[in-house]
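To start, I am sharing the structure in question, which I have written as structure tokens.
None of the values given here were measured: they were computed from a predicted structure.
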Amino acid sequence: MAGFFKRKESLPSGSSDQSSDENEKSSLLSSPSSFDKAGYEGSTSDNGKPVTEKTPLKSAAGGKSEVYVDVDEFSALPEHDARVLREQVHVPEFNATLWTLYRYANRTDKILLAIGFLSSVLSGVMRPLMTVVFGNVTQTFTDLGPNGSYNTTMYNATHKDMAYISTYTDNYYNSTYKYGFEGNVTDYDFNQQISTLALYFVYIGIADIIFSYVGTFIIMDRGEVLSARIREQYLKATLRQNIGYFDRLGSGEITTRISADTILVQEGMSDKISQSITNLTTFLAALTVAFVRSYKLTFILLSVIVLIVITMTTASRYMIKYFRASLMGYSVGGTLAEEVISSVRNVQAFGAQDRLALDYDKYLAVTEKWGLKAGIALGGMIGAMWFSVYCNYSLSFWQGSRFLASGELGVNNVVSVLMAMMIGAFTSSQISPHLKQITNAIAAASKIFATIERQSAIDSCAPVGATLESVGGSIELRNVRFIYPSRPDITVLRDFSLKIPAGSTVALVGASGSGKSTIVGLIERFYKPVGGTITLDGHDINDLNVKWLRRQISLVSQEPVLFSCSIYENVAHGLIGTKYEHASELEKRALVTDALKQANAMIFIDKLPDGLDTDVGERGFLLSGGQKQRIAIARAIVSNPKILLLDEATSALDTKSEGVVQDALDKAARNRTTIVIAHRLSTIRDASMIVVMSRGAIVEMGTHNELLDKKGEYYGLVEAQQIDKLNEEKRAALLGQAEAAVDDDEKLIEMVQFPADAAEDLKLIKTKTNASVRSISSLVLAERPSRVEESYSLWQLIVSIFKFSKPEHHWMAIGGISAFINGIGYPVTSVFYANCIAAFQQNSTDPNLMRATVDRFAALFFMMAFVEGMAFVVTNGSLAYVAQRLVRRIRYTSFRQILRQDIAFFDRDENSTGALTATLSRDAQSVEGLSGATLGQILNAAVNVVAGLVLAFSVAPKIAIVCAACVPVLIGCGFFRFAMQARFEEQIKKTHAKSAAQACEAAAAIRTVVSLTREDDVWNVYHEALEEQIKVARPATNKSAILFGLSQGMGFFIMGLAFWWGSRFLRSGEYSTIQFFITFVSMIMGAQAAGIVFSFAPDMGKAQSAAANIKRLMDSIPEIDTWSGGGEVLDDVRGDIEFRDVHFRYPTRPEVPVLKGLNITVKKGQYAALVGMSGCGKSTTIALIESFYRPLAGQVLIDGQDISKLEINSYRSHLAMVQQEPVLYAGSIRDNVKLGSLQPDDITDESVIEACKQANIHDFVASLPNGYDTLCGSKGVLLSGGQKQRIAIARALIRKPKVLLLDEATSALDSESEKVVQAALDQAAKGRTTIAVAHRLSTIQNADVIYVFDNGVVCEMGTHQELLVKGGKYSELVQMQALEKTA
């Protein structure tokens, strides 16, 4: 749904390689937002073409493609302006390498890594060393010549040679052999020789256990440590970037990078690199052994090895390219997911879950496409490598038999070379699955390090810049010209000049979008102006240290941001950089308490059970808007700053709080420079100077009284906000009726509090209440069962994931059949191998016969090369397709399931936006880690084990049974490693979620973080979370490495046992050479395969943990379920809203009562206003009408029907809501307005324009170069608060609702816009029920009925004038907002 300004071009082949990742991402963002709902499987764009073909990444595969490319959007500007704007948004490309991953290793790390790498190298040397022993054992066996008869159809002849008479047949399995001895080899000598050689296997096994353990533990542990440092450096680099960078980048992308991409990096630099080093060393050591034994034969066999190297090099290049494209696609989707989850109330209110899920799926389609291409490239590489492996076997035996026949080599040399090359080829094929993870890591690291390497245009962490000994606070803007980097075609300020004397209070007023907040952003150095200068006490702020400058300034933003910690900690953040930062806890608490008293916040804090230590929840969602703003004000004034910037600081406060807080701010403003932006003009009457702005220029300046006398722009704004006063005659007339009015009012309240028709229903409840000290809410909560987290068996999880892949079951079957063919390759190889070894025994008697036999089996090996090569391509290709479809389906379904949950789900700490966004990315990725090539490898190995055991038992059961007894030990090591890894993943998930949530929170609130200079504080908190993560991981890594070492060494023990035990049967003649070697090779290869299966234990553990999370989410059925379809559907809604004795407490804070028996009635077509102190339950009332929550007791009714019994989607379709903090998404203005419609595809541009005209935003949109196609940016960051609010109102009006809910809907509007929008809302309210929450009382003075809330109940009700006559709470609020001339 997002994008930058593009032109459409046709790119020639290969041109995409030259385009930067930033261009590709920008193009991704510009993809059309519409998505065909006809089916998930065939996702299409609105022109009917596959969605994936609309992406720019298509050209990366080569060929000519029509794509969207980035153009230089600054090219139309003067060179100086273009350079200033470009440096604020440009991200240079970074090409990471494997060594880049270790760039943060210190000396200790390097020493440990050297030990780890050396251990992995030595572990890799063990197998090639084994081939020397193996060759000597084979020589010992072949030195015992055969003394028996066999037949062969090849020769059909009888040969007599010395003492041997042999008749050969092709019945190799049932041949019998008798061994005689031609020398002085006694039984004792033979047994001694075999025992000695068997012991060598034991020694090699012990060494491999030690080296495998040391290498795996050190490299995995350092991988955890170094990946944590990369995370820290990425967050640090992100926090120091200028704000223009974030205008282009969504916080969801940052979350994806820090939670998912860094895990990819960690996997690539820990156990995967350890395995790769071991396998690579085995390959090189095998070559070395082969060269030592016979350089001629080795050189001949190198031709195949060269083919393997070329294949790996070429394929890895494409894999990195495709993986990068896949990651890029999801990073944009992650941003959309973060935006949607963070605004889930808005999404559910407008029923936009499915539409936004389909938009999210559009980016998943891109990820799937490139992930599949990468999988196919990997499958091609694996197929080519296995083709090479079998060709190597064929060439080895074919050429080896010739050297043997010529007498140039002995059997031990030939077998050692053959075994070495076999092992080298085998291990080289094992590198490919790990290579996928390493290439993934390098691709992910490229994006991470691009941010780390980026030089911020305004670096808040740089030590450069001057600091002043003392600050007076004089600010001057001189001929300032400003353009937002993300919207280069609009000049916001034009030669703007303003002088603000030290210690004065200057108010900026004017229409939304006139540049008021821009001035605040420039003073805070969020952006760079393209012209002019800004000075502090005569010093250009560009020459001052950024962090020092920001510490002289306190900012309260229009939309206050609180962090997920306690109230005390939130306010204490304001002390960062002051002399009190490291003060004692007692002193800091005193300062915080004092600041909260000044901000009138202690009134509600004292009522909270935990007081100052109450957790505010993610983004402060557990508090009302007014409560959040008061805490933000306390945070600003606690440091006693030299400069105070108030950007609509009191817009969310009720009138009474505003009066108290304004008085505190007025006191705080003394002796310091204060810049106030305000739409509520009652807050700036006492300002030293009021500056009226329009379109980036000053229209008029003066004091409140001076500007009223001028009767210019300001006078018009004041008039627009003036609350109608009762004239004396009207007052006198009303006073005569006052007593009756009051009596009637009291009766009315009594009637509303206890409606007659509800009396019977409530009688029982009321009796209970009177009879018990406990409240109704407490009684209801006590009866509710506590939430229990489900646990699942491994089988349940396998079945669950299998069901996800149901549409691809035929592809899974193809992949499974191909994997079976792959798996039986080595058992078949053992048959061929054994026959070739047996044939070598005939070299001394009949070299020609030996060569003929070996040639036959060499041809069979060559045939197998084609069969196995094709089977591997099919296996990996089909399973890669299944894996990518599975990942896409998991992410899409999980996203929809998340949006299905009720609001109470999102209120819980573990379900923060950051945690859920990270879960979407990480869990599907973990499941993918056990699919595709990895799953193919596991299936292959499993078949290998089973087929090898079956073959061994059928050929030589007495040897097989002893060797097989060791296999359970080997498998047990792997299984325990897997089980332990699964438990470990559950632990690590919690710490990962915690750290990811902290990083996401900081990125989403970057303006607040940098204005508070919290960069170091955020980093320290994140660092501590990662340190905890490392401590949790280390014991599990140690156990995992021990088990892995044991599983590796067991293979050598089995070899030694097999030779030692088998030699006895061989010597006795019970089993032939062929039978022994078939059994031996099939068992050994099976043991190695079992080791390979469980080398993926970490991936299995992650996949099990991820599958459990996914199933837990899928099984979560919310109380308020938008998917249920149950409930009554109202055919005709009038719009009567009623609350009957409603009691309510938020599920996450059940100890705090919010509504305590609320009763209100709003008739069809009425305009009802809710007013009162912040936190008294007004916004909660709106949430209950929207059915975000269910009351604990009582009923909410529409047209006399309990809304809890209605079909939720149908019910919400009759409502529209405009929130206090407007939510826009990273799409065009048109997309955002259409999102409010029930049928957006049927909405015409005329309807959009009409809605925007009603909301007074059309003229502004029409003035933009791209009109309704103008992008709003992530969370609407490219628009001012007032512009966002008006677009949100247009989105509500296009819905044509029966009930309109306005929660401070005009709080962000300037007076002029507010007057027009209010008139539009008044007009829109005709014929529909409207319920408005308002603090600015001028907006609701024409309401049909005004309910004054206090402490969760209605304390007064009536019209504006009736309540004024009564002279109660409402009258006090009105007096506080009076705007007459000041004395």
Q) For Ala198, what residues pass the side-chain contact (heavy atoms from CB on, under 4.5 Å) criterion, not counting sequence neighbours? A) Trp1060
Q | Separation of Ser1082 OG from Phe953 CZ (nearest 0.5 Å) | A | 10.0 Å
**Q.** Contacts of Ala286 that satisfy side-chain contact (heavy atoms from CB on, under 4.5 Å) - sequence neighbours left out
**A.** Pro128, Ala420
Q) What closest approach, in Å, do Gly124 and Thr282 show between heavy atoms, and which atom pair accounts for it? A) O-OG1, 2.8 Å
**Q.** salt bridge (Lys or Arg N to Asp or Glu O under 4.0 Å) contacts touching residues 277-289 (sequence neighbours left out)
**A.**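 Every pair satisfying salt bridge (Lys or Arg N to Asp or Glu O under 4.0 Å) with a residue in residues 277-289: there are none.
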Q) So, do Arg402 and Asp855 sit near enough that their side-chain heavy atoms are less than 4.5 Å apart? A) yes
(Q) Does Leu951 form a side chain to side chain contact (heavy atoms under 4.5 Å, CB included) with Ser954? I'd like the steps, not just the answer. (A) CA-CA 5 Å; Leu951 181 61; Ser954 62; 4.1 Å; yes
Q.
A quick test of your reading: do over 12 heavy atoms of other residues, nucleotides or ligands sit less than 6.0 Å from CD1 of Ile206?
A. yes
Q | Straight-line distance of Cys391 SG to Met864 CE, nearest 0.5 Å | A |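 Between atom SG of Cys391 and atom CE of Met864 there are 11.5 Å.
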Q. In terms of side-chain heavy atoms, does Asp221 have a donor or acceptor partner in Thr1037 at a distance below 3.5 Å?
A. no
Q) Checking Glu868 side chain against Ala865 main chain: does a donor-acceptor pair fall under 3.5 Å? A)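 Judged by distance alone, no pair lies under 3.5 Å.
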Q.
Rounded to the nearest 0.5 Å, what separates atom CZ in Arg222 from atom CG in Asp109?
A.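 Spacing of CZ (Arg222) from CG (Asp109) equals 5.0 Å.
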**Q.** Closest contact, heavy atoms only, Ser276 versus Ile438
**A.** OG-CD1, 3.3 Å
Q: State, with a plain yes or no, whether a side-chain heavy atom of Ile218 is found less than 4.5 Å away from one of Ser119.
A: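 Heavy-atom side-chain distance check fails, nothing below 4.5 Å.
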Q) Who are the side-chain contact (heavy atoms from CB on, under 4.5 Å) partners of Ile277, not counting sequence neighbours? A) Phe117, Ser120, Val121, Ile273, Thr281
Q.
Restricting to non-hydrogen atoms, name the atom on Asp208 and the atom on Gly1049 that form the minimum distance, rounded to 0.1 Å.
A. OD2-N, 4.3 Å
**Q.** Qualifying ring-ring contact (aromatic ring centres under 6.0 Å, His included) pairs, either residue in residues 202-223, two or more places apart
**A.** none
Q. Looking only at atom types and distance, does a side-chain atom of Asn876 sit under 3.5 Å from a main-chain N or O of Phe872, one as donor and one as acceptor?
A. yes
Q: Over all heavy atoms of both residues, which pair between Ser394 and Ala858 is shortest? Give the atoms and the distance, please.
A: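 That closest heavy-atom pairing would be OG-O, 2.6 Å.
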Q | All pairs passing salt bridge (Lys or Arg N to Asp or Glu O under 4.0 Å) where residues 958-967 contributes a residue, at least two apart | A | Lys958-Glu1070
Q. Do any N or O atoms from the side chain of Thr875 and from the backbone of Ala819 form a donor-acceptor pair under 3.5 angstrom?
A.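 Yes, because the side chain of Thr875 sits within donor-acceptor range (under 3.5 Å) of the backbone of Ala819.
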Contacts table for residues 289-302: side-chain donor-acceptor under 3.5 angstrom, sequence neighbours left out:
{"residue": "Arg293", "atom": "NH1", "partner": "Asn413", "partner atom": "OD1", "Å": "2.9"}
{"residue": "Ser294", "atom": "OG", "partner": "Leu297", "partner atom": "N", "Å": "3.3"}
{"residue": "Lys296", "atom": "NZ", "partner": "Glu408", "partner atom": "OE2", "Å": "3.0"}
{"residue": "Thr298", "atom": "OG1", "partner": "Ala290", "partner atom": "O", "Å": "2.8"}
{"residue": "Thr298", "atom": "OG1", "partner": "Phe291", "partner atom": "N", "Å": "3.4"}
{"residue": "Thr298", "atom": "OG1", "partner": "Ser294", "partner atom": "O", "Å": "2.7"}

(Q) Keeping Ser212 on the side-chain end and Ile209 on the backbone end, is there a donor-acceptor pair under 3.5 Å? (A) no
Q) Out of Thr1079, Asn835, Ile1078, Val955, which one pairs with Ser830 under the side chain to side chain contact (heavy atoms under 4.5 Å, CB included) rule? A) Ile1078
**Q.** pair Met870-Phe866: side-chain heavy atoms closer than 4.5 Å
**A.**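 Met870 does not reach Phe866 side chain to side chain.
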Q. For Phe397, what residues pass the ring-ring contact (aromatic ring centres under 6.0 Å, His included) criterion, not counting sequence neighbours?
A.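 Phe397 satisfies ring-ring contact (aromatic ring centres under 6.0 Å, His included) with Tyr833, Phe861 once adjacent residues are dropped.
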Q: Using side-chain contact (heavy atoms from CB on, under 4.5 Å) as the criterion, list what pairs up with Ile111, not counting sequence neighbours.
A: Arg107, Ile115
Q: Using the test ring-ring contact (aromatic ring centres under 6.0 Å, His included), find all partners of Phe1076 that sit at least two apart in sequence or belong to another chain.
A: Phe141, Phe1059, Phe1080
**Q.** Residue pairs passing the salt bridge (Lys or Arg N to Asp or Glu O under 4.0 Å) test where at least one lies in residues 1045-1054, sequence neighbours excluded
**A.** none
Q | Pairing of Asp846 and Arg851 as salt bridge, 4.0 angstrom limit | A |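 No.
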Q: Show your working on side-chain hydrogen bond (donor to acceptor under 3.5 Å, both in side chains) between Thr196 and Gln193 and close with a plain yes or no.
A: CA-CA 5 Å; Thr196 302; Gln193 198 170 354; over 6 Å; no
(Q) Using side-chain heavy atoms (C-beta onward) and a distance below 4.5 Å, is Cys836 in contact with Thr853? (A)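 When only atoms from C-beta onward are counted, Thr853 and Cys836 do not touch, as no gap falls below 4.5 Å.
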Q. Do Val854 and Trp398 touch side chain to side chain, with heavy atoms closer than 4.5 Å?
A. no
Q: Establish, yes or no, whether a centroid distance under 6.0 Å links the rings of Phe1052 and Phe201.
A: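 That pair fails the under 6.0 Å test.
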**Q.** side chain to side chain contact (heavy atoms under 4.5 Å, CB included) assessment of Asn822 paired with Val943
**A.** CA-CA 8 Å; Asn822 302 149; Val943 173; over 6 Å; no
**Q.** From CD1 (Ile824) to OG1 (Thr829), nearest 0.5 Å
**A.** 10.0 Å
Q) For the residue pair Met126 and Ala207, what are the closest heavy atoms and their distance? A) SD-CB, 3.8 Å
Q) Roughly how far, to the nearest 0.5 Å, is the CG atom of Leu395 from the OG atom of Ser388? A) 11.5 Å
Q | Nearest atoms (heavy-atom pairs only) where Met381 meets Ala315 | A | CB-CB, 3.4 Å
Q: With sequence neighbours left out, write down each residue that passes ring-ring contact (aromatic ring centres under 6.0 Å, His included) with Phe1065, or none if nothing qualifies.
A: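 So Phe1065 forms a ring-ring contact (aromatic ring centres under 6.0 Å, His included) with Trp1061, Tyr1071.
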Q: Examine distances only and state if a side-chain atom of Tyr102 and a backbone atom of Met269 form a donor-acceptor pair shorter than 3.5 Å.
A: yes
Q) Between atom CD1 of Ile382 and atom CE of Met385, what is the distance when rounded to the nearest 0.5 Å? A)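 Atom-to-atom, Ile382:CD1 and Met385:CE are 7.5 Å apart.
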